[in-house]
Amino acid sequence: MDGSSLIMEIKGVGPKTNELFGKLGLKTVEDLLQFYPRDYDRFEAPIPIAQSKVLDFAAVKGMVVTNPTVKKVKNLQIVSMQIRDEQGDTLKVTWFNMPFLCRTMHPGMHYVFRGRLQGYGAGRQMEQPEYYTLAAYEKLLGSMQPIYNLTKGLTSKMIGKVIRQVLEQKVTLPDTLEEKMRREYGLMGRNEAIANIHFPDSEETFKEARKRLVFEEFYRFLLGVRQMKAQLENQANHFVITDKEEVEELIQKLPYTLTKAQMRTLREIQADMTGPRVMNRLVQGDVGSGKTIVAFLALYQAALCGYQGVMMAPTEVLARQHYQSLCSLIEEYGLMLKPALLTGSMTAAQKRKVYEQTASHQVDIVIGTHALIQEKVHYQDLGLVITDEQHRFGVRQREALKEKGQLPHVLVMSATPIPRTLAIILYGDLDISVMDELPANRLPIKNCVVDINYRPNAYAFIRRQIEAGRQAYVICPMVEESETMDAEDVVTYSRKLAQELPASIKVAYLHGKMSNQEKDRIMEAFGQGTIQVLVSTTVIEVGIDVPNATVIMIENAERFGLAQLHQLRGRVGRGKHQSYCILVNTSSSKESKQRLEILNRSNDGFFIASEDLKLRGPGEFFGVRQSGELAFRLGDIYTDADLLQKASEAAKKTEQVEWEIPVWM
């Protein structure tokens, strides 16, 4: 067996399990070995009840002192009992729908209980804790058990068991970094790192394994960037998109004045499009800075010069919203433009019609998703490509477009503010424009950082906002209950919230494991106001623009990076009404409070990103991916800024630029 062997060949993996692995995108043994844990369940020494702080996830050792009792509330069977530790302190422990515990747990028995502490004083309790015999916990003490992203039918234990089996068979993958480089940067070998990222025997081993794998991710990515830059440096401008009076006239007619940042960015784009070389520019705009109108103006200018333009969005809902906004602009100002929409969910007949119109230049601007660069799409004089939000337009997409004709101008728009020092490393192939100014008519979002005791007040506030005709988001870090029960999840949370709010308020949930059609249906319903509260994972980071949404409540806020929290907060504050962001901190650490206070005080994305970079020490890792901007498996541009710098140095020293292009480019 080697890395190219199919997972199906592993002993004990039958057709059904193989199909489940396939749902996670895992087909070969190499895919499996590179399916890294998203977090770890760390088994630490039990602490006295008196030392465990409220909101902490802790292990406590105690003796059962009361017989378990069962109380029925609606559809729930709540099992409760008291435990006492060696110091004589007591704690109430409760479980939901686990009545069998009444037969297995009795006074005088000793266990280790792991869970999150809730409440204060006499009301202090631990809900739904894991429980272990003292001997069983002793075996786990000090270990780090991997937690993987899952699909229904697979558990982390099942995935870990299969990976451990492969490792025990001494399956190795070729090392992609030369020994000289590994020595220079103090990196362990690839196979040693893979084994230790899945099953680290200590925190130190985990850090060393992660260091090696993150360095490699960054190094390969940056080599790809260099390759892209080498390909583009001498590309002549075949589409000279000259300045047009009609663009300036439209700017004057708009019902608002463009900010200085918007005008500066537009002038930089115009200068590129008329210059000797093809445009290759990144527009970094803070949340709500008005990037879309700048994009429309550039597309309008390209069309006036006789060229076609396309705008790619990350979701079909956002693509439709951009299309509708452009159609409104065309109608209101009588612009001589013919737009079209192209998305994956359109019927074959609808797509065929757009293909014909595009190939014959009956349409000037096409807005859509990645369907825009599929094989069947042909353009006549495609001069400008704009990609919106998190789609970093890479080598593969450029090559696909080049095959359709001459290389067009490319404009990448990102709403994730990244400190300039990091942006220069990451986007070495792109010129950068920064839009760091908000339109004058935007009301600043009001922020507050609270603990879980504030939830009833927050729910009451959300109810009042909805009664006033507004809408709300609630963000949770997870899709479903985790095996360690240490964070809120959208599925359970949405059910609880529906019970807390009046029956007249429609609550729905959204997460990345849903089909694209289902996600689009939910986001569309929220955009139209038929759903009042949307409980979601970070999938809404690049969601639909809903001006009527005025509240965003972010649970377990301490688990996210500040830059991502700011991006999420940008889902509100898009309309004329005052908007609010409620950050629920479930950690008692001073560091979490310090970090969230920065977000509480500032709505400036670039300031927040730079503070995020300062606060995160090397190796600090939160368990939820922080920078959604680039889909690294492990790397995080904030946490691993020092490794990014070293990988950049290594890439510059590498003479051979040709490299297998990473899949995310």
I need the minimum non-hydrogen distance between Gln532 and Ile466, along with the two atoms involved. CG-CG2, 3.8 Å
Heavy-atom neighbours of Gln578 CD exceed 12 at 6.0 Å: yes
Which pair of heavy atoms, one from Gly469 and one from Asn548, lies closest together, and at what distance? O-ND2, 2.9 Å
Output the distance between atom CD1 (Ile531) and atom CE (Met523), rounded to the nearest 0.5 Å. 11.0 Å
Salt-bridge contact Glu86-Lys61 (side-chain N to carboxylate O under 4.0 Å): yes
From Ile83 atom CD1 to Gln125 atom CD, the distance as rounded to the nearest 0.5 Å: 12.0 Å
I would like to know whether Phe21 and Ile159 meet side chain to side chain contact (heavy atoms under 4.5 Å, CB included); could you show each step before the answer? CA-CA 9 Å; Phe21 277 118; Ile159 295 171; 4.0 Å; yes
Should Ile462 and Gln465 be marked as a side chain to side chain contact (heavy atoms under 4.5 Å, CB included) after you check the CA-CA gap, both sets of side-chain angles, and the distance that decides it? CA-CA 5 Å; Ile462 288 171; Gln465 285 286 302; 5.7 Å; no
Would Gln77 and Asn97 count as having a side-chain donor-acceptor pair, cut-off 3.5 Å? no
Are side-chain heavy atoms of Pro146 and His198 found at a separation under 4.5 Å? no
Yes or no on side-chain hydrogen bond (donor to acceptor under 3.5 Å, both in side chains) for Ser592 and Asn585, after CA distance, side-chain angles and deciding distance? CA-CA 8 Å; Ser592 293; Asn585 179 15; 4.5 Å; no
Side chain to side chain contact (heavy atoms under 4.5 Å, CB included) assessment of Val474 paired with Val533: CA-CA 7 Å; Val474 178; Val533 181; 4.2 Å; yes
For the residue pair Asn603 and Pro444, establish whether any side-chain heavy-atom pair is separated by less than 4.5 Å. yes
Can you tell if the side chain of Leu510 reaches within under 4.5 Å of the side chain of Val490, non-hydrogen atoms only? no
Supply the atom-to-atom distance Leu599 CG to Leu565 CG, rounded to the nearest 0.5 angstrom. 5.5 Å
Regarding Glu597 and Asn600, do their side chains bring together a donor and an acceptor under 3.5 Å, going by distance alone? yes
Looking at Arg463 and Glu467, does any basic side-chain N land under 4.0 Å from a carboxylate oxygen? yes
About how many Å separate NZ of Lys92 and CE of Met81, when rounded to the nearest 0.5 Å? 12.0 Å
Identify whether the distance between the nearest side-chain nitrogen and carboxylate oxygen of Glu558 and Lys593 falls below 4.0 Å. no
Just by distance, no angles: are the side chains of Thr205 and Glu203 close enough, under 3.5 Å, to form a donor-acceptor pair? no
Verify ring pair (Phe, Tyr, Trp, His ring centres under 6.0 Å) between Tyr111 and Tyr132, making sure each step is shown before the conclusion. CA-CA 6 Å; Tyr111 293 95; Tyr132 303 83; 9.6 Å; no
When rounded to the nearest 0.5 angstrom, what distance separates CD1 in Ile78 from CD in Gln128? 10.5 Å
Do Leu443 and Ser579 come within less than 4.5 Å of each other through their side chains, counting heavy atoms only? no
Between Glu216 and Arg212, is the closest basic N to carboxylate O distance under 4.0 Å? yes
Is Ile522 close to Met514 at the side-chain level, that is, under 4.5 Å between some pair of heavy atoms? yes
Do Thr550 and Gln471 come within less than 4.5 Å of each other through their side chains, counting heavy atoms only? no
Distance-minimising heavy-atom pair for Leu26 and Leu32: CD1-CD1, 4.2 Å
Of the non-hydrogen atoms in Arg595 and Leu562, which two are nearest, and what is the gap between them? O-CD2, 3.2 Å
Pair Glu500, Arg455 - check salt bridge (Lys or Arg N to Asp or Glu O under 4.0 Å), show working. CA-CA 10 Å; Glu500 294 282 344; Arg455 276 185 189 142; over 6 Å; no
Validation row: Ile554, Ile582 side chains within 4.5 angstrom (heavy atoms): no
Taking the six-membered ring of Tyr509 as reference, does the NZ or CZ atom of Arg495 fall below 6.0 Å from its centre and within a 45° cone about the axis? no
Trp95 vs Phe113 aromatic rings, parallel, tilted or perpendicular, using cut-offs 30° and 60°? tilted
If I take atom CD from residue Glu19 and atom OG1 from residue Thr17, how far apart are they, to the nearest 0.5 angstrom? 10.0 Å
Determine the sole option in Asp85, Leu91, Asp89, Val112 for which the side-chain contact (heavy atoms from CB on, under 4.5 Å) test with Val60 is passed. Leu91
Are there more than 12 heavy atoms of other residues, nucleotides or ligands under 6.0 Å from atom CZ of Arg42? yes
Taking the six-membered ring where the residue is Trp, are the ring centres of Phe206 and Tyr40 under 6.0 Å apart? yes
Considering all heavy atoms, the nearest Ile445-Val572 contact: CD1-O, 3.6 Å
Do the non-hydrogen side-chain atoms of Tyr580 and Asn447 ever get within less than 4.5 Å of each other? no
Ring geometry between Tyr148 and Phe35 (parallel below 30°, tilted from 30 to 60°, perpendicular above 60°): parallel
Is it true that the side chains of His566 and Asp286 contain a donor and an acceptor less than 3.5 Å apart? yes
Find out whether the Lys NZ or Arg CZ of Arg114 is both under 6.0 angstrom from the six-membered ring centre of Tyr131 and within 45° of the ring's axis. no
Report the C-alpha distance between Asp640 and Lys211 in whole Å, list the side-chain angles of each, state the deciding distance to 0.1 Å, and finish with yes or no for salt bridge (Lys or Arg N to Asp or Glu O under 4.0 Å). CA-CA 9 Å; Asp640 305 307; Lys211 174 185 172 184; over 6 Å; no
